[in-house]
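Lettering of chains follows the sequences in order, A, B, ..., and the numbering in each one begins at 1.
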Amino acid sequence: MTIRTHNTLTGKKEPLQTIEPGHVKLYVCGITSYDYCHIGHARSSLAFDMIVKYLKYRDYKVTFVRNFTDIDDKIITRANEQNTTSEELANRFIQEFYTDMDKLGIDRPDIEPKATEHIAEMVSMIEELISKGKAYEAGGDVYYIVDSFPEYGKLSKRNIEDMKAGARISVNEQKQHPMDFVLWKASKPGEPKWQSPWGEGRPGWHIECSAMSKKYLGESFDIHGGGQDLIFPHHENEIAQSEGANCKPFAKSWIHHGFVTIKDEKMSKSLGNFLTIRDILNNYHPEILRFFIFSTHYRNPLDFSEAAMQDATTGLVRLYECVAAVDQLDSLQTDESSPTVFTDKDLKKIESLEERFQQAMDNDFNTAQAQGIFFDTIKTINKVRTKLSPTPLSKDIKTLKVSIATLKKLAAIMGLLREDAATFLHNKQEAMLSGLDISAETIEALILERNQCRIDKNWSRSDEIRDELLAKNIELKDGADGTAWIVKAN
RNA sequence: GGCGGCGUAGCCAAGUGGCCAAGGCAGUGGUCUGCAAAACCAUUAUUCAUCGGUUCGACUCCGAUCGCCGCCUCCA
């Protein structure tokens, strides 16, 4: 089986074929660092984290580069508002970004270049473009000649004529053609600036990715990724710059993920309908956010709501409860004369887990389908587990243990089931209990009282206690080895 | 207006032309239980926005229509 990925350039799913065998070179556009990250950024980071983890699981070597845009108009404006330098502001939010990423359990890329540390590479690429007649200097700015690149529009599937009709391009006297875009901007007084052959200035937005991907991955590499909103103009312009300067194909394949929406509208700063990663992590465990993000395919829009997060919570807890239940089987006495409780069908289902998972993930990283396979598997595990005799066959226990180990290994690719199950469930209870006006001691005391009532067959008082606790969201579970309690999600 | 995408059960969501259209949440009936809860079992789309077409056969391919979303300006 080969991995197939959807390529924006061709609009098709294609088998992954790396330029260098067994080695994937991946470049992803990272954040512009001027504010806290929202869950749209989380989706982006999580999607590529999952993709890298899966590629590594499939034995690829991966070189993963993700940049920081640490100089641009928004950064300068925000820095002025805060009476600080753009450098300080950008670095501060890079640190905040790391705080969020670490909480989400996202692995660091291999290389994280910053735009401001690659001015020389950008300048030399711009010079190359000028010398090839693909760019021109005008009043200290440098522009790319879009008409010099016949394939312009091949990624976003649009042509220059249609775009001119759209006519929302800002008027700029300097430009020879309205679609020409800036490679180098002359600095205004007080703005951050670097020396260049065209005077003091700073780079345009798109050139950094062309220059840095070339430096770290080469002129041609395997996959370039980012959000769907980057297709045009950012990635289209990158192609024009890189292929124009290098005269070689740029990224072979393009992966673009969908947006996070709220009430079906794109989350964005201008609409003010965004939630930061830390807003979410205040209320939900990071794995719940991961579970939610991966519950749909990465290219589809994903609508955020509290209800959806509750569903994700319930689903993840169900997985953890299964893991915890199997973990507890250690304490059982085994008996080799017991019959096996596995049917052939059960075994087949459990043993095919990894293969089915790979099939789903090979198909353009279909995490939604993969999650379905997890649930399908735990259904079988739970079924078998409940059929276990008090003194089961040790081989049956072993089979269950092995399948849980496989499940955890595969779930880890999405960053799920990485905690000890009992601890996860316990911490979740603690967190929920702290929001209630009842202590664990009070609950335990009431359970003791109720159990005495039950021995006395005083059902009315016993039920009263249970209802009383239920009113406070405490649910009781009477089992063979006593009464357990959980805090109910509301 | 141009381009791209989406429309599958009450909600979310898979589905790479051909066995009963995954899975989750919610619901219903049952097993278990003193009664419950959890878990388990069973059940919930003669149908995949609509209408045509291609095909022996389509949710899956093609065309049209309706609806929603995104990009075309900074944006993950």
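Both distances falling under 3.5 Å, in either a Watson-Crick or a G-U wobble arrangement, occur for no nucleotide opposite B:rU60. Across all strands shown, B:rA49 pairs with B:rU65; the Watson-Crick or G-U wobble distances both stay below 3.5 Å. As the counterpart of B:rA39, B:rU31 is assigned, both hydrogen-bonding distances of the Watson-Crick or G-U wobble pattern falling under 3.5 Å.
Listed pair A:Asn366 / B:rG15 meets the phosphate criterion, a side-chain N or O lying under 4.0 Å from OP1 or OP2. An OP1 or OP2 oxygen of B:rA76 is reached within less than 4.0 angstrom by no side-chain nitrogen or oxygen of A:Lys266.
Atom NE2 of A:His235 is separated from atom C1' of B:rC74 by 14 Å (rounded to the nearest Å). If you take CG of A:Asp364 and P of B:rG15, they are 9 Å apart, rounded to a whole angstrom. Taking atom CZ on A:Phe232 and atom P on B:rC71, their separation rounds to 13 Å, with Å as the unit. Computed from coordinates, the A:His6 NE2 to B:rG15 C1' distance equals 16 Å when rounded to whole Å. Here B:rC71 presents its P atom at 13 Å from NE2 of A:His257, a figure rounded to the nearest Å. In this structure, A:His297 places its NE2 atom 17 Å from P of B:rU8, rounding to the nearest Å. Between the CG atom of A:Asp180 and the P atom of B:rU73 there is a distance of 14 Å, given to the nearest Å. In this entry the distance linking CD1 of A:Ile262 with P of B:rC68 reads 21 Å, nearest Å.
As judged by a 4.0 angstrom heavy-atom cut-off over every strand, A:Asn300 is placed among residues touching the sugar-phosphate backbone only. Within 4.0 Å (heavy atoms only), A:His234 reaches no atom of the nucleic acid at all. Residue A:Asp463 is classed as a base contact, given a heavy-atom separation below 4.0 Å to a base. Using a 4.0 Å heavy-atom distance criterion, A:His256 is classed as making no nucleic acid contact. At the heavy-atom level, A:Asn382 lies under 4.0 Å from the strands shown only through sugar-phosphate atoms.
Taking 3.5 Å as the limit, the base of B:rG34 and the side chain of A:Ser462 contain a donor-acceptor pair of atoms between them. You won't find any donor-acceptor pair under 3.5 Å spanning the side chain of A:Asp229 and the base of B:rG70, going by distance alone.
Using a 4.5 Å heavy-atom cutoff, the side chains of A:Gln358 and A:Leu410 are not in contact. Under the 4.5 Å side-chain criterion, counting only non-hydrogen atoms from C-beta, A:Ile350 is not in contact with A:Leu347. Residues A:Ile207 and A:Tyr144 fail the side-chain proximity criterion, which asks for heavy atoms closer than 4.5 Å. Taking 4.5 Å as the limit, some side-chain heavy atom of A:Phe357 sits within range of a side-chain heavy atom of A:Tyr54. Put simply, the side chain of A:Ile106 reaches to within 4.5 Å of the side chain of A:Leu46, judged on heavy atoms.
No donor-acceptor contact under 3.5 angstrom links the side chains of A:Asn273 and A:Glu265, judged on distance only. Under the 3.5 Å distance criterion, with hydrogens and angles disregarded, no donor-acceptor pair is assigned to the side chains of A:Glu238 and A:Tyr27. A donor and an acceptor atom, one from each side chain of A:Ser156 and A:Arg158, are located under 3.5 Å apart. Side-chain atoms of A:Ser295 and A:Gln371 form no donor-acceptor pair, as typed in the model, at a separation below 3.5 Å.
Between B:rU16, B:rA14, B:rC72, one nucleotide has an atom nearer to the side chain of A:Arg158 than all others, and that is B:rC72. The listed nucleotides are B:rA14, B:rC41, B:rA76; the one nearest the side chain of A:His38 is B:rA76.
Aromatic ring pairs are classed by plane angle as parallel below 30°, tilted from 30° to 60° and perpendicular above 60°; the pair A:His234 and A:His206 is tilted. A:His256 and A:Trp254 have parallel rings, their planes meeting at less than 30° on a 0 to 90° scale where 60° marks the start of perpendicular.
Under the stacking definition used here (centres under 5.5 Å, planes under 30°), the residue A:Trp459 qualifies as stacked on the base of B:rG34.
Comparing A:Glu265 and A:Cys29 by the nucleotide of RNA chain B whose heavy atom lies nearest to each, the residue mapping closer to the 5' end is A:Glu265.
Nucleotides B:rC48 and B:rA9 have their P atoms positioned 10 Å apart, rounded to a whole Å. Using atom P as the reference point in both B:rU54 and B:rU60, the two lie 15 Å apart (nearest Å). For the C1' atoms, the distance from B:rA21 to B:rA14 is 10 Å, rounded to whole Å. If you take atom P in B:rA58 and the same atom in B:rC68, they sit 30 Å apart, rounded to whole Å. Comparing the same atom, P, in B:rU47 and in B:rC41 gives a spacing of 28 Å after rounding to whole Å. Comparing the same atom, P, in B:rG18 and in B:rA13 gives a spacing of 24 Å after rounding to whole Å.
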Sugar-phosphate or base contact per nucleotide [nucleotides 17-27 of chain B; S, B, -; heavy atom under 4.0 Å]: -----BSBS--

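Taking the centre and axis of the six-membered ring of A:Phe365, the NZ or CZ atom of A:Arg299 falls outside the cone set by 45° and 6.0 Å.
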Below 3.5 Å is the cut-off: list the nitrogen or oxygen pairs between protein and nucleotides 36-38 of chain B, distance only.
| unit_1 | atom_1 | unit_2 | atom_2 | d |
| --- | --- | --- | --- | --- |
| B:rA36 | N6 | A:Asp478 | N | 3.4 |
| B:rA36 | N6 | A:Asp478 | O | 3.0 |
| B:rA36 | N1 | A:Asp478 | N | 2.9 |
| B:rA37 | O2' | A:Glu475 | OE1 | 3.1 |

